[in-house]
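None of the values given here were measured: they were computed from a predicted structure.
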Amino acid sequence: MTSLLRLLRAGSTVGRAQAFGGLVGRAAATPTAARAGSQGVAHRGHNSHCAWRWGARCLGTAPSVRMNAPPPPAAGQPSPAEAVPATTDPRGMVENGGSSSNSTTVTGVRSAGTGLTEVTWEDGHAAVFVSAWLRDHCHCAECLDQATHQRSFDTATLPDPSSYDLEWAHGAADDGVLRLTASQAAVTGESRNHVIELPMAWLRQHCHADYRPPRDAAPSFAGRPPPVLWSAESLRGDTPANGVPEHLAHLPAISAAELAASPATAGPRLRDNLHRFGVAFISGLDVTDAHRTTDEVVRQFVGFPRETFWGTLWDTAGEALGEFNPEKPPDTAYTSLPLNVHTDCTYLRDPPQLQVFLCETAAESGGETTLRDAFHAAEMLWRRSPRAFRFFCETPLPFHCVHDGVRTLATGPPFTLRHPLSPAQWEALFDADGDIGPMPELRMVRYNNDDRAPFSSLDRAAVVDFYRYASLLLEALRDPAGTMEVGLTPGDMVIVNNHRVMHGRRGFADFGARCMVGCYAELDEVDAKFFAG
(Lines give C-alpha, C1' and ligand atoms only; values in the text may rest on other atoms or scores of the structure.)
Protein backbone atom coordinates (compact mmCIF):
# COMPACT_ATOMS: atom_id res chain seq x y z
CA MET A 1 0.00 0.00 0.00
CA THR A 2 1.54 3.29 -1.04
CA SER A 3 2.11 6.20 1.25
CA LEU A 4 -0.38 8.20 -0.83
CA LEU A 5 -3.11 5.64 -0.17
CA ARG A 6 -2.30 5.68 3.51
CA LEU A 7 -2.55 9.44 3.27
CA LEU A 8 -6.14 9.28 2.04
CA ARG A 9 -7.07 7.01 4.92
CA ALA A 10 -5.34 9.10 7.55
CA GLY A 11 -8.10 10.57 9.69
CA SER A 12 -6.37 13.61 11.06
CA THR A 13 -4.24 16.52 9.98
CA VAL A 14 -1.31 15.04 11.86
CA GLY A 15 -1.86 11.68 10.18
CA ARG A 16 -1.91 13.26 6.75
CA ALA A 17 1.21 15.26 7.44
CA GLN A 18 3.06 12.18 8.64
CA ALA A 19 1.84 10.09 5.70
CA PHE A 20 3.69 11.58 2.73
CA GLY A 21 3.46 15.17 3.85
CA GLY A 22 -0.33 15.56 3.51
CA LEU A 23 -0.27 15.72 -0.27
CA VAL A 24 -3.97 15.53 -1.00
CA GLY A 25 -6.83 17.85 -0.48
CA ARG A 26 -6.08 20.72 1.91
CA ALA A 27 -5.19 24.31 1.09
CA ALA A 28 -2.92 26.03 3.56
CA ALA A 29 -4.49 28.59 5.86
CA THR A 30 -1.11 30.23 6.37
CA PRO A 31 1.14 29.19 3.48
CA THR A 32 3.86 31.67 4.36
CA ALA A 33 4.23 30.23 7.82
CA ALA A 34 4.23 26.74 6.33
CA ARG A 35 7.03 27.73 3.97
CA ALA A 36 9.05 29.12 6.81
CA GLY A 37 8.75 25.83 8.65
CA SER A 38 9.72 23.72 5.67
CA GLN A 39 13.02 25.22 4.63
CA GLY A 40 14.99 22.26 5.90
CA VAL A 41 12.83 19.65 4.15
CA ALA A 42 14.43 18.10 1.09
CA HIS A 43 15.81 21.38 -0.23
CA ARG A 44 18.31 24.04 0.66
CA GLY A 45 16.11 26.99 -0.07
CA HIS A 46 16.67 29.80 -2.51
CA ASN A 47 18.98 31.70 -0.18
CA SER A 48 21.76 29.49 -1.53
CA HIS A 49 21.05 30.28 -5.17
CA CYS A 50 24.27 32.19 -5.79
CA ALA A 51 26.62 29.89 -3.88
CA TRP A 52 28.12 27.66 -6.55
CA ARG A 53 29.02 24.57 -4.55
CA TRP A 54 32.30 23.69 -6.19
CA GLY A 55 33.35 21.47 -3.28
CA ALA A 56 30.11 19.52 -3.53
CA ARG A 57 30.36 19.24 -7.30
CA CYS A 58 33.97 18.08 -7.34
CA LEU A 59 34.29 16.11 -4.11
CA GLY A 60 30.74 15.07 -3.29
CA THR A 61 30.82 17.00 -0.02
CA ALA A 62 29.44 20.35 1.00
CA PRO A 63 32.06 23.13 1.14
CA SER A 64 32.61 24.86 4.45
CA VAL A 65 32.97 28.29 2.86
CA ARG A 66 30.34 29.95 0.70
CA MET A 67 31.71 31.42 -2.50
CA ASN A 68 30.12 34.25 -4.46
CA ALA A 69 31.25 32.85 -7.79
CA PRO A 70 33.20 29.89 -9.18
CA PRO A 71 36.86 30.12 -10.12
CA PRO A 72 37.50 31.07 -13.74
CA PRO A 73 38.16 28.24 -16.23
CA ALA A 74 41.75 27.33 -16.97
CA ALA A 75 43.49 29.27 -19.69
CA GLY A 76 42.72 27.92 -23.12
CA GLN A 77 39.76 25.90 -21.88
CA PRO A 78 36.61 27.81 -22.89
CA SER A 79 33.28 26.23 -22.02
CA PRO A 80 29.85 26.53 -23.65
CA ALA A 81 28.51 27.64 -20.27
CA GLU A 82 30.60 29.69 -17.87
CA ALA A 83 30.29 31.31 -14.48
CA VAL A 84 32.64 34.22 -13.82
CA PRO A 85 32.89 36.94 -11.16
CA ALA A 86 30.69 39.92 -12.00
CA THR A 87 33.42 42.50 -11.54
CA THR A 88 32.73 44.46 -14.71
CA ASP A 89 29.72 45.52 -16.72
CA PRO A 90 27.47 42.43 -16.50
CA ARG A 91 26.85 42.65 -20.23
CA GLY A 92 30.54 43.18 -21.04
CA MET A 93 31.53 39.52 -21.33
CA VAL A 94 33.90 39.08 -24.26
CA GLU A 95 32.73 36.18 -26.39
CA ASN A 96 34.65 34.71 -29.33
CA GLY A 97 35.39 37.46 -31.78
CA GLY A 98 35.35 40.32 -29.27
CA SER A 99 38.19 42.80 -28.89
CA SER A 100 40.16 43.39 -25.70
CA SER A 101 41.62 46.74 -26.74
CA ASN A 102 41.78 49.49 -24.11
CA SER A 103 40.72 52.05 -26.68
CA THR A 104 37.02 52.60 -26.03
CA THR A 105 36.22 56.07 -27.35
CA VAL A 106 34.10 56.20 -30.48
CA THR A 107 35.16 58.85 -32.97
CA GLY A 108 32.94 58.16 -35.96
CA VAL A 109 29.63 56.64 -37.05
CA ARG A 110 28.49 56.23 -40.65
CA SER A 111 26.21 54.09 -42.78
CA ALA A 112 27.87 50.98 -44.19
CA GLY A 113 24.99 50.17 -46.51
CA THR A 114 21.31 49.63 -46.01
CA GLY A 115 20.66 48.27 -42.54
CA LEU A 116 24.34 48.44 -41.52
CA THR A 117 26.22 50.93 -39.32
CA GLU A 118 29.99 51.33 -39.14
CA VAL A 119 31.50 52.49 -35.83
CA THR A 120 35.10 53.73 -35.59
CA TRP A 121 37.19 54.02 -32.41
CA GLU A 122 39.97 56.47 -31.69
CA ASP A 123 42.68 53.88 -32.38
CA GLY A 124 41.35 53.45 -35.93
CA HIS A 125 39.54 50.16 -35.33
CA ALA A 126 36.27 50.02 -37.27
CA ALA A 127 33.44 47.52 -37.00
CA VAL A 128 30.27 47.12 -39.02
CA PHE A 129 27.13 46.30 -37.02
CA VAL A 130 23.66 45.30 -38.09
CA SER A 131 21.63 48.40 -37.21
CA ALA A 132 18.74 46.32 -35.86
CA TRP A 133 21.19 44.59 -33.50
CA LEU A 134 22.27 47.98 -32.12
CA ARG A 135 18.64 48.92 -31.45
CA ASP A 136 17.93 45.54 -29.91
CA HIS A 137 20.79 46.00 -27.42
CA CYS A 138 20.04 49.53 -26.26
CA HIS A 139 21.24 49.93 -22.66
CA CYS A 140 18.87 52.71 -21.57
CA ALA A 141 16.66 52.11 -18.55
CA GLU A 142 13.61 51.78 -20.78
CA CYS A 143 15.06 48.96 -22.86
CA LEU A 144 17.25 47.10 -20.36
CA ASP A 145 16.36 46.22 -16.78
CA GLN A 146 19.21 47.84 -14.85
CA ALA A 147 18.94 45.36 -11.95
CA THR A 148 18.55 42.01 -13.73
CA HIS A 149 20.12 42.98 -17.10
CA GLN A 150 17.18 41.36 -18.89
CA ARG A 151 15.87 42.83 -22.11
CA SER A 152 12.75 44.98 -21.66
CA PHE A 153 12.62 45.98 -25.32
CA ASP A 154 10.44 43.68 -27.44
CA THR A 155 12.31 42.53 -30.53
CA ALA A 156 9.00 41.95 -32.30
CA THR A 157 8.51 45.73 -32.52
CA LEU A 158 11.63 46.32 -34.62
CA PRO A 159 11.05 47.83 -38.06
CA ASP A 160 12.21 46.08 -41.21
CA PRO A 161 15.95 45.55 -40.62
CA SER A 162 16.70 45.93 -44.33
CA SER A 163 15.60 49.59 -44.20
CA TYR A 164 16.70 50.46 -40.68
CA ASP A 165 19.56 52.98 -40.68
CA LEU A 166 21.09 54.90 -37.78
CA GLU A 167 22.90 58.17 -37.29
CA TRP A 168 24.98 59.59 -34.46
CA ALA A 169 22.94 61.63 -32.01
CA HIS A 170 25.74 63.98 -31.00
CA GLY A 171 25.63 64.73 -27.32
CA ALA A 172 27.87 64.62 -24.31
CA ALA A 173 30.40 61.89 -25.05
CA ASP A 174 32.45 62.19 -21.88
CA ASP A 175 30.22 59.61 -20.17
CA GLY A 176 31.45 56.85 -22.51
CA VAL A 177 28.02 56.25 -24.05
CA LEU A 178 27.33 56.20 -27.79
CA ARG A 179 23.89 57.58 -28.68
CA LEU A 180 22.19 56.79 -31.96
CA THR A 181 18.84 57.56 -33.56
CA ALA A 182 17.03 56.13 -36.56
CA SER A 183 17.80 58.13 -39.69
CA GLN A 184 15.42 56.42 -42.13
CA ALA A 185 12.56 58.80 -42.92
CA ALA A 186 10.15 55.87 -43.34
CA VAL A 187 10.73 54.76 -39.77
CA THR A 188 8.09 56.27 -37.54
CA GLY A 189 6.92 56.07 -33.95
CA GLU A 190 9.09 54.95 -31.07
CA SER A 191 11.85 53.50 -33.24
CA ARG A 192 12.28 56.86 -35.02
CA ASN A 193 12.42 58.99 -31.88
CA HIS A 194 14.11 56.65 -29.45
CA VAL A 195 17.71 57.49 -28.51
CA ILE A 196 19.73 54.28 -28.49
CA GLU A 197 22.34 54.21 -25.71
CA LEU A 198 25.33 51.87 -26.01
CA PRO A 199 28.39 51.95 -23.72
CA MET A 200 31.37 52.43 -25.99
CA ALA A 201 33.56 49.93 -24.12
CA TRP A 202 30.79 47.32 -24.23
CA LEU A 203 30.27 47.89 -27.94
CA ARG A 204 34.00 47.44 -28.61
CA GLN A 205 33.93 44.13 -26.79
CA HIS A 206 31.01 42.88 -28.88
CA CYS A 207 32.14 43.58 -32.42
CA HIS A 208 30.57 41.01 -34.74
CA ALA A 209 32.90 38.07 -35.33
CA ASP A 210 33.89 36.85 -38.77
CA TYR A 211 33.08 33.20 -38.01
CA ARG A 212 30.57 30.98 -36.26
CA PRO A 213 31.53 28.20 -33.82
CA PRO A 214 30.97 24.59 -34.87
CA ARG A 215 27.79 22.84 -33.84
CA ASP A 216 27.69 19.66 -31.78
CA ALA A 217 25.71 16.74 -33.11
CA ALA A 218 22.61 16.03 -31.05
CA PRO A 219 22.01 12.54 -29.63
CA SER A 220 18.97 10.60 -30.75
CA PHE A 221 16.28 9.18 -28.48
CA ALA A 222 13.83 6.44 -29.31
CA GLY A 223 11.02 4.54 -27.68
CA ARG A 224 8.97 7.40 -26.27
CA PRO A 225 5.34 7.86 -27.29
CA PRO A 226 5.20 10.19 -30.31
CA PRO A 227 4.48 13.84 -29.51
CA VAL A 228 1.01 15.16 -30.25
CA LEU A 229 1.37 18.76 -31.42
CA TRP A 230 -1.35 21.01 -30.04
CA SER A 231 -2.90 24.43 -30.15
CA ALA A 232 -4.99 25.99 -27.40
CA GLU A 233 -8.15 24.48 -28.84
CA SER A 234 -6.87 21.04 -29.77
CA LEU A 235 -5.32 20.41 -26.34
CA ARG A 236 -8.78 20.50 -24.79
CA GLY A 237 -10.35 17.05 -25.05
CA ASP A 238 -14.06 16.30 -25.38
CA THR A 239 -14.27 13.97 -22.38
CA PRO A 240 -13.61 15.60 -19.00
CA ALA A 241 -11.17 13.91 -16.65
CA ASN A 242 -12.65 12.28 -13.57
CA GLY A 243 -12.40 14.16 -10.31
CA VAL A 244 -10.72 17.18 -11.87
CA PRO A 245 -12.11 20.73 -11.43
CA GLU A 246 -13.75 22.42 -14.39
CA HIS A 247 -10.82 24.68 -15.32
CA LEU A 248 -8.62 21.57 -15.85
CA ALA A 249 -11.27 18.99 -16.76
CA HIS A 250 -10.61 19.00 -20.51
CA LEU A 251 -6.83 19.18 -20.24
CA PRO A 252 -4.33 16.32 -19.72
CA ALA A 253 -5.00 16.29 -15.98
CA ILE A 254 -5.20 13.76 -13.15
CA SER A 255 -6.49 14.32 -9.63
CA ALA A 256 -4.26 13.80 -6.62
CA ALA A 257 -6.93 11.47 -5.22
CA GLU A 258 -6.62 9.21 -8.26
CA LEU A 259 -2.84 9.19 -8.00
CA ALA A 260 -3.17 8.16 -4.38
CA ALA A 261 -5.77 5.47 -4.97
CA SER A 262 -4.34 3.98 -8.19
CA PRO A 263 -0.67 4.96 -8.52
CA ALA A 264 0.11 1.90 -10.66
CA THR A 265 -2.24 3.11 -13.41
CA ALA A 266 -2.47 6.86 -12.80
CA GLY A 267 1.32 7.32 -12.57
CA PRO A 268 2.01 5.94 -16.06
CA ARG A 269 -0.88 8.01 -17.43
CA LEU A 270 0.67 11.13 -15.93
CA ARG A 271 3.98 10.31 -17.59
CA ASP A 272 2.24 9.45 -20.86
CA ASN A 273 0.67 12.95 -20.84
CA LEU A 274 4.14 14.41 -20.43
CA HIS A 275 5.51 12.46 -23.38
CA ARG A 276 2.60 13.07 -25.73
CA PHE A 277 1.66 16.66 -24.93
CA GLY A 278 4.74 17.95 -23.10
CA VAL A 279 2.50 19.07 -20.23
CA ALA A 280 0.61 17.34 -17.42
CA PHE A 281 -1.63 18.70 -14.68
CA ILE A 282 -2.42 17.39 -11.20
CA SER A 283 -5.29 18.88 -9.18
CA GLY A 284 -6.19 18.79 -5.51
CA LEU A 285 -2.75 18.67 -3.91
CA ASP A 286 -2.25 19.85 -0.35
CA VAL A 287 -0.39 23.16 -0.07
CA THR A 288 -0.10 23.45 3.71
CA ASP A 289 3.58 22.72 3.10
CA ALA A 290 3.86 23.32 -0.62
CA HIS A 291 7.63 22.81 -0.75
CA ARG A 292 7.37 19.36 0.78
CA THR A 293 4.39 18.42 -1.37
CA THR A 294 6.29 19.42 -4.52
CA ASP A 295 9.35 17.44 -3.49
CA GLU A 296 7.37 14.29 -2.68
CA VAL A 297 5.18 14.31 -5.79
CA VAL A 298 8.22 14.78 -8.02
CA ARG A 299 10.18 12.01 -6.30
CA GLN A 300 7.34 9.46 -6.44
CA PHE A 301 5.95 10.13 -9.93
CA VAL A 302 8.59 12.05 -11.91
CA GLY A 303 12.17 11.64 -10.73
CA PHE A 304 14.64 13.65 -8.69
CA PRO A 305 14.51 17.44 -8.24
CA ARG A 306 17.49 18.99 -10.00
CA GLU A 307 19.55 21.52 -8.12
CA THR A 308 20.83 24.61 -9.93
CA PHE A 309 22.23 27.87 -8.60
CA TRP A 310 18.57 28.81 -7.96
CA GLY A 311 18.45 26.09 -5.31
CA THR A 312 16.62 22.76 -5.34
CA LEU A 313 13.11 24.02 -4.65
CA TRP A 314 12.10 27.65 -5.03
CA ASP A 315 9.03 29.87 -4.85
CA THR A 316 8.14 32.95 -6.87
CA ALA A 317 7.12 34.98 -3.81
CA GLY A 318 10.76 35.11 -2.74
CA GLU A 319 10.19 33.52 0.66
CA ALA A 320 13.05 31.07 0.16
CA LEU A 321 15.45 33.81 -0.91
CA GLY A 322 16.28 34.88 2.61
CA GLU A 323 16.93 38.63 2.47
CA PHE A 324 14.73 39.18 -0.57
CA ASN A 325 14.37 42.74 -1.84
CA PRO A 326 11.39 43.02 -4.23
CA GLU A 327 12.83 46.31 -5.51
CA LYS A 328 15.89 44.44 -6.85
CA PRO A 329 14.66 40.98 -7.85
CA PRO A 330 17.23 38.50 -9.20
CA ASP A 331 14.94 37.62 -12.10
CA THR A 332 11.68 38.86 -13.61
CA ALA A 333 10.03 35.67 -12.30
CA TYR A 334 10.14 37.40 -8.90
CA THR A 335 7.92 40.24 -10.05
CA SER A 336 4.28 40.69 -11.00
CA LEU A 337 5.16 41.63 -14.58
CA PRO A 338 3.71 39.69 -17.52
CA LEU A 339 6.14 37.23 -19.04
CA ASN A 340 6.15 36.15 -22.68
CA VAL A 341 6.32 32.41 -23.21
CA HIS A 342 9.86 31.07 -22.93
CA THR A 343 11.91 28.06 -21.94
CA ASP A 344 13.86 28.21 -18.70
CA CYS A 345 17.63 28.12 -18.15
CA THR A 346 18.58 28.80 -21.76
CA TYR A 347 21.85 30.10 -20.28
CA LEU A 348 22.89 26.62 -19.08
CA ARG A 349 24.66 24.23 -21.45
CA ASP A 350 22.16 21.58 -20.35
CA PRO A 351 18.80 23.26 -19.61
CA PRO A 352 16.55 21.19 -17.31
CA GLN A 353 14.17 19.00 -19.26
CA LEU A 354 11.23 19.39 -16.87
CA GLN A 355 9.83 22.28 -14.88
CA VAL A 356 7.31 21.83 -12.07
CA PHE A 357 4.96 24.50 -10.69
CA LEU A 358 2.62 24.00 -7.72
CA CYS A 359 0.18 26.87 -7.17
CA GLU A 360 0.32 27.76 -3.47
CA THR A 361 -1.62 31.01 -3.71
CA ALA A 362 -3.31 32.71 -6.67
CA ALA A 363 -3.76 36.40 -7.47
CA GLU A 364 -7.30 37.74 -7.22
CA SER A 365 -6.99 39.09 -10.74
CA GLY A 366 -4.48 38.23 -13.45
CA GLY A 367 -1.50 35.93 -13.13
CA GLU A 368 -2.89 33.27 -15.48
CA THR A 369 -0.35 30.72 -16.68
CA THR A 370 0.30 30.66 -20.43
CA LEU A 371 1.60 27.57 -22.25
CA ARG A 372 2.71 27.16 -25.86
CA ASP A 373 3.65 23.96 -27.66
CA ALA A 374 6.83 25.20 -29.31
CA PHE A 375 6.90 22.14 -31.60
CA HIS A 376 3.54 23.33 -32.96
CA ALA A 377 4.96 26.85 -33.30
CA ALA A 378 7.98 25.45 -35.14
CA GLU A 379 5.67 23.71 -37.60
CA MET A 380 3.89 27.03 -38.22
CA LEU A 381 7.26 28.62 -38.96
CA TRP A 382 8.26 25.69 -41.18
CA ARG A 383 5.12 26.14 -43.29
CA ARG A 384 5.50 29.89 -43.47
CA SER A 385 9.25 30.18 -44.05
CA PRO A 386 11.36 27.02 -44.37
CA ARG A 387 14.46 29.20 -44.66
CA ALA A 388 13.73 30.82 -41.31
CA PHE A 389 13.12 27.40 -39.77
CA ARG A 390 16.43 26.12 -41.12
CA PHE A 391 18.25 29.19 -39.84
CA PHE A 392 16.96 28.64 -36.29
CA CYS A 393 17.91 24.96 -36.53
CA GLU A 394 21.48 25.64 -37.62
CA THR A 395 22.42 28.84 -35.78
CA PRO A 396 23.47 28.65 -32.11
CA LEU A 397 22.33 31.77 -30.26
CA PRO A 398 23.87 32.96 -26.97
CA PHE A 399 21.86 33.29 -23.74
CA HIS A 400 23.04 34.54 -20.37
CA CYS A 401 22.03 35.05 -16.76
CA VAL A 402 23.45 37.88 -14.66
CA HIS A 403 22.68 38.37 -10.98
CA ASP A 404 24.21 38.54 -7.51
CA GLY A 405 27.77 37.53 -8.32
CA VAL A 406 26.79 34.85 -10.85
CA ARG A 407 27.09 35.07 -14.62
CA THR A 408 26.46 32.19 -16.97
CA LEU A 409 26.60 32.01 -20.76
CA ALA A 410 25.57 29.17 -23.06
CA THR A 411 24.80 28.86 -26.74
CA GLY A 412 22.36 26.69 -28.61
CA PRO A 413 20.01 26.86 -31.59
CA PRO A 414 16.37 27.66 -30.86
CA PHE A 415 15.41 24.40 -32.60
CA THR A 416 17.45 21.21 -32.31
CA LEU A 417 16.57 18.40 -34.71
CA ARG A 418 16.42 14.82 -33.54
CA HIS A 419 18.58 13.93 -36.56
CA PRO A 420 20.76 16.74 -38.01
CA LEU A 421 20.41 17.20 -41.76
CA SER A 422 23.08 17.73 -44.39
CA PRO A 423 22.64 20.51 -46.99
CA ALA A 424 21.55 17.88 -49.52
CA GLN A 425 18.99 16.52 -47.07
CA TRP A 426 17.59 19.99 -46.51
CA GLU A 427 17.19 20.50 -50.25
CA ALA A 428 15.50 17.10 -50.58
CA LEU A 429 12.67 18.35 -48.38
CA PHE A 430 11.50 20.47 -51.33
CA ASP A 431 9.99 18.91 -54.42
CA ALA A 432 10.31 20.15 -58.00
CA ASP A 433 7.26 22.38 -57.61
CA GLY A 434 8.67 24.10 -54.53
CA ASP A 435 6.28 22.41 -52.11
CA ILE A 436 7.67 21.41 -48.75
CA GLY A 437 7.35 18.09 -47.02
CA PRO A 438 6.76 17.34 -43.36
CA MET A 439 8.72 19.31 -40.79
CA PRO A 440 11.92 17.54 -39.71
CA GLU A 441 11.48 15.96 -36.29
CA LEU A 442 12.48 18.18 -33.39
CA ARG A 443 14.23 17.12 -30.21
CA MET A 444 14.52 20.37 -28.29
CA VAL A 445 13.53 24.04 -28.20
CA ARG A 446 15.64 26.65 -26.41
CA TYR A 447 14.51 30.28 -26.49
CA ASN A 448 14.01 33.15 -24.06
CA ASN A 449 14.07 36.53 -25.78
CA ASP A 450 14.67 38.36 -22.48
CA ASP A 451 17.81 36.36 -21.69
CA ARG A 452 19.35 36.47 -25.17
CA ALA A 453 22.95 37.70 -25.05
CA PRO A 454 24.85 39.80 -27.62
CA PHE A 455 25.74 38.00 -30.85
CA SER A 456 29.52 38.32 -30.64
CA SER A 457 29.98 34.68 -31.70
CA LEU A 458 27.98 35.11 -34.92
CA ASP A 459 29.22 36.48 -38.19
CA ARG A 460 27.56 39.53 -39.68
CA ALA A 461 25.55 37.54 -42.21
CA ALA A 462 24.04 35.45 -39.41
CA VAL A 463 23.11 38.57 -37.46
CA VAL A 464 21.40 39.99 -40.55
CA ASP A 465 19.49 36.74 -40.99
CA PHE A 466 18.44 36.70 -37.33
CA TYR A 467 16.78 40.07 -37.59
CA ARG A 468 15.27 39.10 -40.93
CA TYR A 469 13.61 36.07 -39.35
CA ALA A 470 13.15 37.10 -35.70
CA SER A 471 9.65 38.51 -36.16
CA LEU A 472 8.53 35.29 -37.87
CA LEU A 473 9.86 33.23 -34.97
CA LEU A 474 8.27 35.41 -32.30
CA GLU A 475 4.94 35.57 -34.12
CA ALA A 476 4.82 31.78 -34.22
CA LEU A 477 5.85 31.37 -30.59
CA ARG A 478 3.33 33.96 -29.39
CA ASP A 479 0.45 32.98 -31.67
CA PRO A 480 -2.73 33.68 -29.64
CA ALA A 481 -4.60 30.73 -31.13
CA GLY A 482 -1.76 28.43 -30.17
CA THR A 483 -1.29 29.69 -26.62
CA MET A 484 -3.13 27.94 -23.81
CA GLU A 485 -4.14 30.16 -20.88
CA VAL A 486 -5.22 28.61 -17.59
CA GLY A 487 -5.84 30.17 -14.20
CA LEU A 488 -4.23 27.77 -11.73
CA THR A 489 -5.79 27.58 -8.27
CA PRO A 490 -4.15 26.52 -4.98
CA GLY A 491 -3.39 22.80 -5.15
CA ASP A 492 -2.96 22.71 -8.95
CA MET A 493 0.38 21.45 -10.25
CA VAL A 494 1.58 21.72 -13.83
CA ILE A 495 4.62 19.83 -15.12
CA VAL A 496 6.03 20.99 -18.45
CA ASN A 497 8.65 19.59 -20.77
CA ASN A 498 11.03 22.56 -20.75
CA HIS A 499 12.57 21.32 -24.02
CA ARG A 500 9.24 21.56 -25.81
CA VAL A 501 6.49 23.53 -24.05
CA MET A 502 7.13 27.20 -23.31
CA HIS A 503 5.52 28.88 -20.32
CA GLY A 504 4.71 32.46 -19.32
CA ARG A 505 2.11 34.38 -17.36
CA ARG A 506 -0.22 37.34 -17.46
CA GLY A 507 0.66 40.29 -15.25
CA PHE A 508 -1.03 40.81 -11.90
CA ALA A 509 -1.28 43.70 -9.48
CA ASP A 510 -0.14 42.55 -6.05
CA PHE A 511 3.32 40.95 -5.94
CA GLY A 512 3.31 38.16 -3.38
CA ALA A 513 -0.38 37.40 -3.85
CA ARG A 514 0.52 34.74 -6.43
CA CYS A 515 3.06 32.15 -5.39
CA MET A 516 4.29 29.17 -7.37
CA VAL A 517 6.51 26.62 -5.66
CA GLY A 518 8.59 24.66 -8.09
CA CYS A 519 11.68 22.75 -9.09
CA TYR A 520 13.45 21.32 -12.11
CA ALA A 521 13.75 17.63 -13.01
CA GLU A 522 14.82 15.44 -15.92
CA LEU A 523 13.01 13.30 -18.46
CA ASP A 524 15.53 10.50 -17.99
CA GLU A 525 13.89 9.54 -14.69
CA VAL A 526 10.44 9.86 -16.26
CA ASP A 527 11.57 7.49 -19.02
CA ALA A 528 12.91 5.04 -16.47
CA LYS A 529 9.55 5.00 -14.66
CA PHE A 530 7.60 4.97 -17.94
CA PHE A 531 9.42 2.03 -19.48
CA ALA A 532 9.31 0.16 -16.16
CA GLY A 533 5.50 0.48 -16.25
Side-chain angles (χ1 to χ4, degrees), residues 78-82 89-100 112-113 115-119 125-139 143-144 149-162 164 166 178 180 196-216 342-343 346-349 387-388 390-402 407-416 446-474:
S79 171
E82 303 179 49
D89 175 5
R91 287 217 163 191
M93 182 181 292
V94 180
E95 302 177 49
N96 291 337
S99 170
S100 59
L116 300 175
T117 300
E118 182 181 271
V119 178
H125 176 78
V128 176
F129 295 88
V130 176
S131 300
W133 182 92
L134 296 172
R135 174 64 187 93
D136 194 33
H137 289 82
C138 177
H139 276 55
C143 297
L144 183 71
H149 304 281
Q150 291 175 289
R151 182 180 284 100
S152 303
F153 173 71
D154 190 352
T155 311
T157 64
L158 274 170
D160 180 3
S162 64
Y164 189 58
L166 299 175
L178 175 65
L180 304 169
I196 302 167
E197 297 184 358
L198 299 162
M200 297 178 182
W202 176 92
L203 193 61
R204 178 64 179 263
Q205 290 176 323
H206 292 91
C207 296
H208 293 338
D210 292 328
Y211 67 96
R212 287 162 49 184
R215 301 185 306 278
D216 295 326
H342 60 279
T343 60
T346 53
Y347 40 75
L348 299 180
R349 65 163 65 91
R387 292 185 182 278
R390 180 178 178 179
F391 173 82
F392 289 117
C393 287
E394 295 185 325
T395 309
L397 303 181
F399 301 90
H400 65 177
C401 177
V402 181
R407 289 170 53 200
T408 63
L409 173 69
T411 61
F415 301 142
T416 299
R446 176 202 297 250
Y447 197 78
N448 184 338
N449 198 62
D450 295 354
D451 289 338
R452 183 164 42 77
F455 290 155
S456 302
S457 57
L458 301 183
D459 62 26
R460 188 176 304 117
V463 178
V464 170
D465 284 342
F466 173 84
Y467 287 105
R468 177 180 295 127
Y469 300 134
S471 61
L472 298 177
L473 173 68
L474 294 172

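Side chains of L473 and F415 form a contact here, defined as non-hydrogen atoms less than 4.5 Å apart. Looking at heavy atoms from C-beta onward, R407 lies out of side-chain contact with L409 at the 4.5 angstrom threshold. For the pair L134/L180, a side-chain contact is recorded, criterion being any heavy-atom separation below 4.5 Å from C-beta on. By the 4.5 Å heavy-atom criterion applied to side chains, D451 and H342 are not counted as neighbours. By the 4.5 Å heavy-atom criterion applied to side chains, P454 and W133 are counted as neighbours. Contact annotation: the side chain of P199 approaches that of H139 to within less than 4.5 Å [non-hydrogen atoms, C-beta and beyond].
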task = Let me see the working for V130 and Y164 under side-chain contact (heavy atoms from CB on, under 4.5 Å), right down to the final yes or no.
result = CA-CA 9 Å; V130 176; Y164 189 58; over 6 Å; no
key: Residue pair D465, T395: steps toward the side-chain contact (heavy atoms from CB on, under 4.5 Å) verdict   = CA-CA 10 Å; D465 284 342; T395 309; over 6 Å; no
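The two residues P414 and L397 make their nearest non-hydrogen contact at CG-CD1, 3.6 Å. Between H137 and L198 the shortest heavy-atom distance is O-CD2, 3.2 Å. Summarising the geometry of M200 relative to L178, their closest heavy-atom pair is CG-N, 3.8 Å, with the distance given to 0.1 Å. Between T155 and L474, the shortest heavy-atom contact is CB-CD1, 3.9 Å. Scanning both residues, F129 and H206, for their nearest heavy atoms gives CE2-O, 3.6 Å. Across every non-hydrogen atom of L144 and C138, the tightest pair is CB-O, 3.8 Å.
Between the side chain of R446 and the backbone N or O of T346, at least one donor-acceptor pair lies under 3.5 Å. Side-chain atoms of T411 never come within 3.5 Å of backbone atoms of P398 as a donor-acceptor pair (strictly under, hydrogens ignored).
Ion pairing of D136 with R151 is present here, as a side-chain N (NZ or NE/NH1/NH2) and a carboxylate O approach within less than 4.0 Å.
Below 30°, between 30° and 60°, or above 60°: for F455 and F466 the angle between ring planes is above 60°, a perpendicular geometry. Taking the six-membered ring where tryptophan is involved, the planes of F399 and Y447 are perpendicular, since the angle between them exceeds 60° and thus also 30°.
Considering CG of L166 and CZ of R135, their distance stands at 9.5 Å, rounded to 0.5 Å. F153 contributes atom CZ, which lies 8.5 Å from atom CD1 of I196 (distance to the nearest 0.5 angstrom).
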